[in-house]
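The structure appears right after this line, and notes come after that.
All values derive from a computational prediction rather than experimental measurement. In listed order, ligands and their atoms are each counted from 1.
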Amino acid sequence: MIFLKTEDEIELMRAANLLVAATLAEIARVIRPGVTTKELDRLAEDFIRGHGAVPTFKGFPNPYGWPFPASICTSVNDEVVHGIPNDRPLQDGDVVSVDCGAQLAGYNGDSCYTFCVGNVSEEVRLLLRTTKEALYKGIDAVVAGRRIGDIGYAVQRHCESKGYGVVKEFVGHGIGKEMHEDPQVPNYGKRGEGPMIKNGLCIAIEPMITLGSPQIGMMPDKWTVKTMDGKCAAHFEHTVAVHQGKVDILSSFEEIEEIEGKLY
Ligand code: MG
Ligand code: MG
């Protein structure tokens, strides 16, 4: 069942998502070669809890019942999603998708940004740029009266036309009091198909795009998902609401991009 949100609920969702945005901006300030993803995780957890919120990912169970051990997912290079923070220092040329969720006053925020560590190859920067563009193309398709398939169609067309792979096993989702609600929001689809987009709909749109083949595999930790061909992946995510017929982006990359500059 899709839970449509009231205007008041959308403002609570905005507060949670702006806290997630601020957390990702804290990470943007410190991410560089030599830093470990575990250090980023500690910083994120302290920041979220310091603002009276709960890091939603911590303890979140996978389908095997294994709780996620950290407050952010850090997926490096060929890791697509759900990478577990560890003690390996980040190296010049790495890219890291940092996915962050926080629950504030009972409502959830969810957003992801793929960061460059030092000097990243032009080929990979282009993947990042295209994935971020695809996210905004998907967001542009969020109009009351249209359908969820329109979003996936926009994302898929933009990425596949440039020769990139679209991961299909993981999808965006409704979001509200629960981090994952109906409907599913795939990064592929057909125009005019799927549930109708209505006022009060809150969804997370999150293209997961690969440089090579979109085939993925699960690591033995039963969380980390990697590309099968070992090539890089990118992941950008915004939580959005439909408000007066139009899309309203509740999360934000503004502060991250002020720090990062227009790198790509
Ligand atoms: Mg996320
Ligand atoms: Mg999500």
### Message
Just to verify, which of D99, L135, I205 counts as forming a side chain to side chain contact (heavy atoms under 4.5 Å, CB included) with E237?
### Response
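For E237, the side chain to side chain contact (heavy atoms under 4.5 Å, CB included) test succeeds with only one of D99, L135, I205, which is D99.
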### Message
Suppose you place the vertex at the Mg ion (ligand 2); what is the angle out to E237 OE2 and H173 NE2, to 10°?
### Response
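Vertex at the Mg ion (ligand 2): approximately 120°.
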### Query
Centroid-to-centroid, H238 to F253, below 6.0 Å?
yes
### Query
Heavy-atom count around R157 CZ within 6.0 Å, excluding the residue itself: above 12?
no
### Considering only N, O or S atoms of E206, the one closest to the Mg ion (ligand 2)
OE2
### Query
For the Mg ion (ligand 1), does an N/O/S atom of D110 lie at less than 2.8 Å?
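Yes, since at least one N, O or S atom of D110 sits under 2.8 Å from the Mg ion (ligand 1).
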## Note on the structure
For the Mg ion (ligand 1), the nearest N/O/S atom on D99 is atom OD1
#### Entry: S97 side chain to T114 side chain, donor-acceptor N/O pair below 3.5 angstrom
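Yes, because at least one side-chain N or O of S97 sits under 3.5 Å from a partner of the opposite role on T114.
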